[in-house]
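Written out below as structure tokens is the structure these notes cover.
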Amino acid sequence: MNPPAAKLPTPALTGPQKALRKLGLLRPIDLALHLPLRYEDETRIVKLCDVRDGDLAQIEGVVTACEVRPMGRRQLLVTLDDGSDTCTLRFFSFYPSQQQALAVGKRIRARGEIRGGFLGRQMLHPAFKAADGELAVALTPVYPSVAGLPQAYLRRAVQGGLARADLTETLPPHNLESIGPGSRWSLREALFFLHNPTPDVKLATLEDHSHPAWQRLKLEELLAQQLSQLQAKRERAGLRAPELKTVHQSADGGLPLPQQLLSALPFVLTPAQRRVSEEIKRDLARSVPMHRLLQGDVGSGKTVVAALAGAICVDAGRQCALMAPTEILAQQHFSKLIGWLEPLGVKTAWLTGSQKAKERRQMLALIASGEASLVVGTHAIIQDKVVFKNLALAIIDEQHRFGVAQRLALRSKLDEGDQEPHLLMMTATPIPRTLAMSYYADLDVSTLDELPPGRTPVVTKLVSDTRRDEVIARISAQLAQGRQVYWVCPLIEESEALDLVNATETHAQLSAALQGAPAYRGAPVRVGLLHSRMPVAEKKAVMAMFTGGQLGVLVSTTVIEVGVDVPNASLMVIEHAERFGLSQLHQLRGRVGRGAAASACVLLYSTGDASRLGETARERLKAMVETDDGFEIARRDLEIRGPGEFLGARQSGAALLRFADLATDTALLASARRLASLMLDQYPALVDQHIARWLGGKADYLKA
Ligand code: ADP
Ligand code: MG
């Protein structure tokens, strides 16, 4: 037996090593899969007499002048003569060492964009080096990097990774013609090519990723995503969950709980609500855990669908938990569900972070004993101390607002013996089809595609900030009719304090402006204020007063964004609408138009910004005015933002697609999907290899 190895001190990481780590480039394969953003052509030297204005070129010549000039701003001007013509290299910042390297008489190569100017040809801040050594034989890759990680270091690291990585094929030895132009390249060939392309390649095909080598890489990436999700789906199919079936008649001869709930509701379900409820009911009755996403536009009535699912669960003698992203939202659900279910004898518990210790203890006891069969709350629900007696269904509202880690915690927490709970996730941000096929391939999706009847569409208007007076007149008119109004201020990201000042000021201004307004319900108008820094109890109190109708106007930062339901509110004013995201604007707008009254949404933009209103801000506001349809909004939002931001938290970790672009690679996505099911059926060993290569230890994130 060998003596135990002496414990060596772990060498400290150098700056560039730390930077590699930060980029997630740990294994040789990670380095090999770190692909260039673009390339520079150092394989050729171009004669100055042959270049045109705007060309990116490498030139070589002798320095004939080198001087620092204080013209306006200090700058270094270097004249380079290549025998055919001269060119001025201009540097606005430079080190003495660079100045030496560019001394008169030195022979150098410089790379950059050539500009023909008043003073003759010039290059601004070109890359340069001494003209010794051979010319490169391949294009020089430029990699995505971070501060402290020079390209030269990264290039060596990538080449090293490429040499050491295991690049054996993980695609099956199958007829791969159908997967497109990448099929004739092996992974090894594709990677070597992309890191060292020969100069004869059409650069544009590398840059727009249409080159077959790129196609091959994109297919591999999409395949990893599909495999990990379909695998998760199949694994789940092997798990067991409690079968939640409604008994047709309860012991005392009464109707089953879901039926009782239906007959107690003040409305009948829309056909869409009936359809999705059936889908959920079927899932719950199976012994495999449900993993379903319920998507429906704001106001489409998801809560009652959740309540029905809960009723099925409770009827079967098991516990149901409903988790919402904010305390206000949880509170709303709680009062709604209590209103519907407590009269039917269902005991409900309430859990949030801000709860008093005593109340919390009582709630925990109710949950542990099983006395409470329905538990509503915030992420407090997933904390360690919470022990359920027999949880069988977890419902997550606004699922995209929860981080991946939280969703994972929920699932693992609910792991009970050999059984898993059913999971119903709800979202008001509909997922466009391509995203559903890629990022959400492991989910079953139910869609509420119609709104309850009697809603009047919300009219949306873009109004300049200079017309505030008109907006205030409009508010007074609504109040005079006994209606209520939201006024939303943007969250100022950099500073919560500023945020508060902003909301507080608006609140004061509005209160003053509405002083002389006609009475609201026979009393002076009261304006409430709600912002993120208020203590929870205060927030709740203000919200309750607005819901109860005592407050005519509610000034708020985006805490009211999701789920708040006050049907009497008929006007929403959004200040600095240009600062909000599209989905967010749509969510906000969904707070009005919930009753029978004609409702409106006023998007105030600041004229100061109007001329400079960014292109994307303009597109967002335009989309808001043009459509009220959540699916259309989601589609445009995806177009404007791209999938990364659109998906938000689901993508933390390595789950984001780096290479494939869902907007253009739909055909590849379809191929990857076909290939994934074939591999899962016939080549399980390759599946594991492929997932490990592409996702490393991060595959779990995709399954959350
Ligand atoms: P969301 O899908 O945005 O969560 P909610 O569940 O809050 O929507 O429902 C919005 C409003 O519509 C609520 O006041 C709810 O009671 C009401 N509602 C839900 N379903 C119906 C229906 N079938 N008919 C009439 N009103 C309904
Ligand atoms: Mg809701």
Side-chain angles (χ1 to χ4, degrees), residues 258 261-280 292-311 322-341 343 376-378 395-402 424-431 445-458 483-484 486 543 546-549 558-570 572 583-597 599 601 628-631 633-634:
L261 173 57
L262 281 176
S263 33
L265 287 174
F267 49 75
V268 290
L269 296 188
T270 63
Q273 284 170 320
R274 274 207 302 278
R275 174 171 44 75
V276 304
S277 296
E278 276 306 312
E279 287 164 0
I280 293 167
R292 188 170 282 280
L293 180 72
L294 169 58
Q295 57 175 1
D297 208 347
V298 272
S300 59
K302 294 184 289 293
T303 319
V304 69
V305 174
L308 277 167
L322 191 151
M323 180 161 86
T326 66
E327 185 124 9
I328 284 188
L329 195 47
Q331 176 72 50
Q332 287 234 341
H333 283 312
F334 186 65
S335 29
K336 205 153 223 169
L337 294 177
I338 283 195
W340 285 336
L341 291 169
V376 181
T378 59
I395 304 175
I396 306 182
D397 194 19
E398 302 300 339
Q399 60 93 24
H400 60 285
R401 303 265 305 220
F402 286 98
L424 176 64
M425 292 173 266
M426 306 200 286
T427 180
T429 308
I431 300 161
V445 179
S446 289
T447 306
L448 283 176
D449 51 8
E450 67 186 309
L451 296 179
R455 303 270 167 87
T456 36
V458 180
R483 306 260 167 227
Q484 289 163 284
Y486 292 106
M543 203 56 225
F546 189 69
T547 313
T558 47
V559 280
I560 60 159
E561 183 183 334
V562 285
V564 173
D565 186 25
V566 181
N568 188 49
S570 58
M572 164 157 300
S583 295
Q584 213 180 3
L585 286 172
H586 181 65
Q587 294 271 334
L588 284 168
R589 177 170 59 185
R591 302 304 114 219
V592 291
R594 304 196 141 220
S599 299
C601 174
D628 197 15
D629 171 353
F631 279 89
I633 294 270

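Note that ligands are numbered from 1 as they come in the structure, with each ligand's atoms numbered from 1 the same way.
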So if I count the atoms of ligand 1 from 1 in the order they appear, which ones are less than 4.0 Å from some heavy atom of [X]?
| X | result |
| --- | --- |
| P452 | 20 (N), 21 (C), 22 (C), 24 (N), 25 (C), 26 (N), 27 (C) |
| T270 | 23 (N) |
| K336 | 13 (C), 14 (O), 15 (C), 16 (O) |
| T303 | 4 (O), 5 (P), 6 (O), 7 (O) |

For [X] and [Y], indicate whether the former's side chain and the latter's backbone hold a donor-acceptor pair under 3.5 Å.
| X | Y | value |
| --- | --- | --- |
| R275 | T447 | yes |
| Q273 | G301 | yes |
| S599 | A597 | yes |

Of the options I395, I338, D397, which is the one that meets H333 in a side chain to side chain contact (heavy atoms under 4.5 Å, CB included)?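 Option passing the side chain to side chain contact (heavy atoms under 4.5 Å, CB included) with H333: D397.
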To the nearest 0.5 Å, how far apart are CD in Q331 and CE in M543? 10.0 Å
Give yes or no for whether the N/O distance cutoff of 3.5 Å, strictly under, is met between [X] and ligand 1.
| X | value |
| --- | --- |
| V268 | yes |
| Q273 | yes |
| G299 | yes |
| F267 | no |

Below 4.5 Å, heavy atoms only, C-beta onward: do V304 and W340 meet side chain to side chain?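 Yes. Closest side-chain heavy atoms under 4.5 Å.
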Considering only heavy atoms from C-beta outward, does the side chain of L308 approach that of I280 to under 4.5 Å? no
Just let me know how L269 lines up against ligand 1, side chain, backbone, both or neither, with a heavy-atom cut-off below 4.0 Å.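 The answer is the backbone of L269.
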Which part of M426 is near ligand 1, with near meaning a heavy atom under 4.0 Å away: side chain, backbone, both or neither?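 Within the 4.0 Å criterion, M426 makes no contact with ligand 1.
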T427 and Q295 side chains, donor-acceptor separation under 3.5 Å: no
Does ligand 1 have any atom sitting under 4.0 Å from a heavy atom of S300? yes
